[in-house]
Amino acid sequence: MRTSQVLIPTLREDPGEAETVSHRLMLRSGMIRKVAAGIYTYLPLGLRVLRKIEHIVREEMNRAGAQELLMPIASPAELWQETGRWGFYGKELFRFKDRHDRDFCLGPTHEEVITDLIRREVRSYRQLPLNCYQIQTKFRDEIRPRFGLMRGREFIMKDAYSFDRDEEGARLSYQKMYDAYNRIFTRCGLTFRPVEADTGLIGGTSSHEFMVLAETGEETIVYAQGGTYAANVERAEVRPPTESASEPLRPLRKVPTPGARTVEEVTTLLQTTPQRLVKTLLYTTPQETVAVLLRGDHQVNGIKLAKLLGVTDLELTPPEKVMAITHAPVGFAGPIGLSHTRIVADHAVKALRNIVVGANEGDAHYVDANWERDFSVEQFADLRNAQTGDPSPRGDGPLLIARGIEVGHVFMLGTKYSQAMGATFLDPQGRECPPVMGCYGIGIGRTAAAAIEQNHDAKGIIWPVPIAPFAIHLLPLHQSARVTEAARSLYHILTDAGVDVLWDDRDERAGVKFNDADLIGAPYQLVIGEKGLAQGTVELKERKTGTVKPLAPGEVLQQAKQRLDSGSAGA
RNA sequence: CGGGGCGUAGCGCAGCCUGGUAGCGCACCUGCUUUGGGAGCAGGGUGUCGGAGGUUCAAAUCCUCUCGCCCCGACCA
């Protein structure tokens with residue numbers, strides 16, 4: 001393709017609206033433009049990347065035995081009412097009425113629609129298993145869209161739904177998708193990791209998220225160094241400590257700690273460590289307020305806590321209410337003398353002796369407090385986030401922390417939707433059974449964004465070969481007939497051989513072309529200038545390393561092919 | 001939804017505090033020169049100062065309301 005004939009409006013300066021690397025570079029390289037918050041137009045360059053990713057996804061989904069179909073983006077309220085999600089989903093579900101005043105929504109996901117189809121069309125176990133997928137635009141009216149394609153309101157997603165005769169079959173379908181996802185992200189040239197994920201409110205037996213590893217990732221994952229265990233920190237189990245402190249109990253004392261509210265302030269003042277302090281956090285649910293005890297250096301895990309309490313709504317108790325309950329400002333709450341409030345504690349607290357806790361009065365803490373002797377705990381549980389150095393729950397080494405971007409999610413659904421919607425088939429014994437379902441998503445645009453987060457430098461994007469909008473950026477540096485002719489000739493040789501070439505045929509200076517090429521990020525640049533041609537060479541330059549290889553024009557095709565093929569290993 | 005911030009030329013910004021002719025850089029158009037990492041000179045066009053009210057002789061600037069967007073937290077591909 002010629003630059004003069006494609007709309008690639010590159011920006012020299014960073015747009016003010018973008019903070020994140022991928023967002024900035026997508027705007028600057030002319031891949032996307034914003035239409036409204038979280039809603040974007042994909043320009044030719046951006047669309048090419050999406051298509052490349054979609055192509056890989058299609059191939060691997062088909063290979064895994066899934067079949068493509070396409071569901072509507074609008075669906076009637078009735079379907080959502082059947083599963084209760086019309087009421088449950090909240091404002092994220094974009095609702096509207098048609099001219100007859102009937103309720104509709106834009107599909108944020110398609111369990112209802114696909115299950116409706118299956119209940120109509122599938123009668124017999126002989127028709128199962130079945131795995132249907134689509135690549136389609138989804139709409140979720142996100143509370144806060146951000147980071148460009150990373151979290152849009154409108155976004156392109158591959159979603160697949162499997163239907164099986166039984167649990168065993170469903171596990172198999174799940175495994176096939178798990179394997180397919182591994183192949184997909186490998187083929188995309190990404191460094192990623194499947195991690196155990198929280199199953200959320202949907203429940204179910206199994207769920208994995210596919211995380212592209214990147215510093216800027218929104219998710220925190222933990223993994224066993226050298227081992228196999230990896231999980232989203234939301235889910236990662238923390239085992240109770242195996243040993244308790246054995247030092248003798250010292251008498252409880254109250255000490256003044258004026259103005260010391262934070263763990264750091266208190267431990268500094270009392271010359272102790274966060275490991276010997278227990279913080280008391282008050283959480284409020286629709287039913288009650290609960291005190292949660294955690295070791296000073298540990299972070300509460302809201303999901304674990306919500307599960308323990310059996311609620312979905314949970315928030316830190318506001319300061320006025322903390323004052324009412326503890327008779328002290330925030331920062332001085334403690335378990336001693338805290339009446340009428342349930343106290344739960346993380347396992348780690350049980351193992352401690354002679355700890356520092358708040359005194360439930362302003363500017364004072366207790367030291368050498370001890371569980372059982374000085375205060376009671378209703379329940380010990382795993383309530384904290386795993387952190388670096390914690391033992392892996394699988395016993396395969398200490399845990400490390402990394403950041404990741406969730407690009408895919410595979411999920412065992414069980415019969416939640418099939419039962420709710422009365423989808424059944426007849427098994428060999430003639431009994432009516434609900435199919436066991438799974439669902440599997442991949443964010444196409446987010447995968448593109450994640451690829452940029454993972455592959456860029458100060459000058460721009462460095463696309464992995466398999467998803468690059470163009471494999472080679474052809475850069476004639478001069479307007480002379482000789483250079484132009486050499487460019488034309490190489491362009492045709494390469495494109496005829498099936499290589500995606502972007503030919504910068506603009507009348508621009510070398511610097512402009514180089515900078516745009518670096519920004520757009522084709523993995524290779526083919527530089528043609530008078531200087532080289534005088535010696536009978538052109539230059540093949542690798543974007544990632546900057547390595548320049550002088551070549552005779554006749555060698556270019558073979559050399560380029562060789563590099564591009566090795567760059568897309570696994571394809 | 002809570003907290004913070006921003007809306008001024010296509011893009012990036014200054015001007016606002018202390019009211020008085022709307023500016024700078026880039027981009028764009030014309031010409032000449034230049035041409036291997038975002039060229040130089042000369043000339044040129046560019047604005048409902050996000051919107052609506054109000055105060056004032058006078059509002060980009062002060063006040064009120066409103067819309068949009070960005071960033072930080074609870075949701076998710």
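Each chain gets a letter, A, B and so on, in the order its sequence line appears, and its residues count up from 1.
- In this structure, NZ of K304(A) is placed 16 Å from P of rA74(B), rounded to the nearest angstrom.
- Among the heavy atoms of the strands, none lies under 4.0 Å from Q525(A).
- Of the C1' atoms belonging to rC11(B) and rG47(B), the separation is 14 Å, rounded to the nearest Å.
- Aromatic ring orientation, Y178(A) versus Y174(A): parallel (interplanar angle below 30°, classes split at 30° and 60°).
- Here rC69(B) sits opposite rG5(B) as a Watson-Crick or G-U wobble pair (both hydrogen-bonding atom distances under 3.5 Å).
- For T317(A) and Y283(A), the side-chain atoms include no donor-acceptor pair closer than 3.5 Å.
- An aromatic stacking contact between F514(A) and the base of rG36(B) is absent, as defined here by ring centres under 5.5 Å apart and ring planes under 30° from parallel.
- Remark: V263(A) engages T267(A), P274(A), L277(A), K279(A) in a side-chain contact (heavy atoms from CB on, under 4.5 Å) (not counting sequence neighbours).
- If you check the side chains of Q134(A) and D159(A), you find a donor sitting under 3.5 Å from an acceptor.
- Ion pair E60(A)/R183(A) flagged as a salt bridge, since at least one NZ, NE, NH1 or NH2 atom sits closer than 4.0 Å to an Asp/Glu carboxylate oxygen.
- Between F155(A) atom CZ and rA77(B) atom P the separation is 8 Å, expressed in whole Å.
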Quick tally for nucleotides 5-14 of chain B: nucleotides whose base has a protein heavy atom under 4.0 Å get B, sugar-phosphate-only ones S, the rest -, giving ------BSS-

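- Closest-nucleotide positions on RNA chain B for K91(A) and H23(A) were compared, and the one nearer the 5' end corresponds to K91(A).
- A donor N or O paired with an acceptor N or O is not found under 3.5 Å between the base of rC75(B) and the side-chain atoms of E218(A).
- If you check rG19(B) for Watson-Crick or wobble pairing at under 3.5 angstrom, you find it has no partner at all.
- Comparing the P positions of rU21(B) and rC26(B) gives a spacing of 26 Å, expressed to the nearest Å.
- Here R140(A) pairs with nothing under the salt bridge (charged side-chain N to carboxylate O under 4.0 Å, His left out) rule; sequence neighbours left out.
- Atom-to-atom, CD1 of I135(A) to C1' of rA77(B) comes out at 13 Å; the value is rounded to the nearest Å.
- As rounded to the nearest Å, rG15(B) and rG7(B) have C1' atoms that lie 15 Å from one another.
- Residues satisfying the salt bridge (charged side-chain N to carboxylate O under 4.0 Å, His left out) test with R193(A), not counting sequence neighbours, are none.
- R2(A) pairs by the side-chain contact (heavy atoms from CB on, under 4.5 Å) definition with S4(A), Q5(A), R488(A), W503(A), D505(A), not counting sequence neighbours.
- Sorted by first then second residue, the salt bridge (charged side-chain N to carboxylate O under 4.0 Å, His left out) pairs that include residues 104-113 of chain A, not counting sequence neighbours, are R85(A)-E111(A), R85(A)-E112(A).
- Checked against rC71(B), rG36(B), rA27(B), the side chain of R12(A) finds its nearest nucleotide in rA27(B).
- Contacts classified as salt bridge (charged side-chain N to carboxylate O under 4.0 Å, His left out) and involving residues 443-452 of chain A (residues at least two apart or in different chains) are not found.
- Residue pairs meeting the side-chain hydrogen bond (donor to acceptor under 3.5 Å, both in side chains) criterion with at least one partner in residues 34-48 of chain A, sequence neighbours excluded, are E17(A)-K34(A), H23(A)-Y40(A), R48(A)-D500(A).
- In this structure, rG45(B) forms no base pair with any nucleotide, since neither Watson-Crick nor G-U wobble geometry is met with both distances under 3.5 Å.
- Looking at heavy-atom distances under 4.0 Å, G532(A) makes contact with a base.
- If you check residues 503-512 of chain A against RNA chain B, the residues with a heavy atom closer than 4.0 Å are R509(A), A510(A), G511(A), V512(A), listed by number.
- Distance, L475(A) CG to rG38(B) P: 14 Å, rounded to whole Å.
- Contacts of G152(A) with the nucleic acid, taken as non-hydrogen atoms under 4.0 Å apart, include base atoms.
- In this structure, K34(A) reaches the sugar-phosphate backbone alone: every heavy-atom distance under 4.0 Å involves primed, P, OP1 or OP2 atoms, never a base.
- Judged purely by distance below 3.5 Å, without hydrogens or angles, the side chains of D179(A) and Y181(A) never pair a donor atom with an acceptor atom.
- Under the side-chain contact (heavy atoms from CB on, under 4.5 Å) criterion, A214(A) pairs with T216(A), I405(A), E453(A), not counting sequence neighbours.
- Near RNA chain B, defined here as any heavy-atom distance below 4.0 Å, the residues from residues 138-145 of chain A are R140(A), E142(A), I143(A), R144(A), listed numerically.
- Distance check on atom P: rG23(B) versus rA39(B) gives 28 Å, rounded to whole Å.
- Distances shorter than 4.0 Å separate none of the side-chain N or O atoms of H478(A) from OP1 or OP2 on rU35(B).
- Between rC65(B) and rC70(B), the two P atoms lie 24 Å apart (nearest whole Å).
- In this structure, CD of E19(A) is placed 11 Å from C1' of rC72(B), rounded to the nearest angstrom.
- Sequence order on RNA chain B of the closest nucleotides to A37(A) and L477(A) puts L477(A) first from the 5' end.
- Nucleic acid contact class of E219(A) (heavy atoms, under 4.0 Å, all strands): base.
- Counting atom types as modelled, R146(A) pairs no side-chain N or O with a base atom of rC69(B) as donor and acceptor under 3.5 Å.
- Atom-to-atom, OH of Y40(A) to P of rC69(B) comes out at 10 Å; the value is rounded to the nearest Å.
- In this structure, rA14(B) forms no base pair with any nucleotide, since neither Watson-Crick nor G-U wobble geometry is met with both distances under 3.5 Å.
- Cation-pi check for R95(A) over W86(A) is met; the charged atom lies under 6.0 angstrom from the ring centroid and within 45 degrees of its normal.
- Using a 4.0 Å heavy-atom criterion, one finds that G529(A) contacts the bases of the nucleic acid, with or without backbone contacts as well.
- With a 3.5 Å ceiling on both atom-pair distances, the Watson-Crick or G-U wobble partner of rA39(B) is rU33(B).
- With sequence neighbours excluded, the residues satisfying side-chain contact (heavy atoms from CB on, under 4.5 Å) with K304(A) are V238(A), N301(A), D382(A).
- Contacts of R28(A) with the nucleic acid, taken as non-hydrogen atoms under 4.0 Å apart, include base atoms.
- Nucleotide rG73(B) holds its P atom 14 Å from the CD atom of E234(A), rounded to whole Å.
- Put simply, CG on N515(A) is 13 Å from C1' on rA39(B), counting in whole angstrom units.
- No contact: F210(A) has no heavy atom under 4.0 Å from any strand.
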